[in-house]
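These numbers come from the heavy atoms of this one structure, side chains and all, not from hydrogens, waters or symmetry mates.
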Amino acid sequence: MATTRNAHAGWVGDLPTGAGQVTLDSSEIGSFDITWKARAEAAEGGTSPEELIAAAHASCFAMAFSLFLGEEGKAADYVNTAAAVTFVPGTGITTSHLTLATKIPGISQEDFDRIANAAKAGCPVSAALAGVEITLEATLEA
């Protein structure tokens with residue numbers, strides 16, 4: 001079954017000095033301030049499209065990794081993921097760097113690396129970001 005999630009944004013003013021808000025409509029979690037400064041310089045209490053993409057990529061990767069791990073009959077004690085999405089003004093989004101730290105009883109390093117890379121490639125957000133470089137730093141903790 002397909003699902004659709006919704007958000008909306010409003011903006012007032014020009015790009016350098018204007019401001020707006022993005023609202024997460026489907027979850028009704030809230031509204032978040034957006035500014036050019038928060039996007040291109042320092043967040044200072046605002047968010048940016050890149051931060052929202054990073055949140056989407058980190059959560060999607062964690063889910064994909066857990067799915068592929070389960071298909072191998074394995075379960076992690078924990079899965080911690082992060083994504084760092086880089087934005088270059090005038091160029092756009094250039095990279096998304098995924099970081100994974102996990103503990104999985106009874107898995108070999110080879111199987112772990114294979115599953116982590118499969119999750120990186122198989123995550124739907126990775127597919128949506130196909131035009132940018134996606135890197136992965138995966139750590140299997142003892």
Practice prompt. Before giving the answer on side-chain contact (heavy atoms from CB on, under 4.5 Å), spell out for F32 and L24 the whole-Å C-alpha distance, their side-chain angles and the decisive distance to 0.1 Å.
Written response: CA-CA 9 Å; F32 304 92; L24 306 180; 3.7 Å; yes
Practice prompt. Give the C-alpha distance, both sets of side-chain angles, the deciding distance and a yes or no for side-chain contact (heavy atoms from CB on, under 4.5 Å) between F65 and V79.
Written response: CA-CA 9 Å; F65 180 77; V79 174; 4.1 Å; yes
Discussion item. Go through it in stages, so that I can follow the logic: the residues are I134 and L98, the test is side-chain contact (heavy atoms from CB on, under 4.5 Å), and I'd like the CA-CA distance, side-chain angles, deciding distance and then a yes or no.
Written reply: CA-CA 7 Å; I134 299 172; L98 295 166; 4.1 Å; yes
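Atom CG of D113 sits about 9.0 Å away from atom CD1 of I107, to the nearest 0.5 Å. Separation of atoms CD1 (I93) and OG1 (T86) is listed at 9.5 Å; rounding is to 0.5 Å. In this structure, the separation between OG1 on T139 and CG on L100 is 7.0 Å, given to the nearest 0.5 Å. To the nearest 0.5 angstrom, F61 atom CZ is 9.0 Å from T99 atom OG1. Atom CZ of R39 is separated from atom CD of E51 by 12.5 Å, given to the nearest 0.5 angstrom. One distance of note links CD of E110 with CD1 of I115; it measures 10.5 Å at 0.5 Å rounding.
Taking each heavy atom of S31 and T23 in turn, the nearest pair found is OG-OG1, 2.7 Å. T35 approaches A19 most closely through the heavy-atom pair CG2-CB, 3.9 Å. Nearest heavy atom pair, residue S96 against residue L129, reads CB-CD1, 4.3 Å. Between L136 and A116, the closest heavy-atom pair is CD2-O, 3.6 Å. Heavy-atom minimum distance, T81 versus A58: OG1-O, 2.9 Å. Closest approach of C60 to P124, counting heavy atoms only: SG-CD, 3.2 Å.
Not a single donor-acceptor pair under 3.5 Å links the side chain of K120 to the backbone N or O of S126.
Linking Ile, Leu, Val, Met, Phe, Trp and Tyr residues whenever their side-chain heavy atoms come within less than 4.5 Å places I29 and I34 in a single cluster. Under the 4.5 Å side-chain contact rule for hydrophobic residues, L52 and M63 do not share a cluster.
Shown here is E28, whose CD atom has no more than 12 heavy atoms of other residues, nucleotides or ligands within 6.0 Å.
Looking at heavy atoms from C-beta onward, F87 lies out of side-chain contact with P49 at the 4.5 angstrom threshold. Residues T95 and V132 form no side-chain contact, since every pair of their non-hydrogen atoms from C-beta on lies 4.5 Å or further apart.
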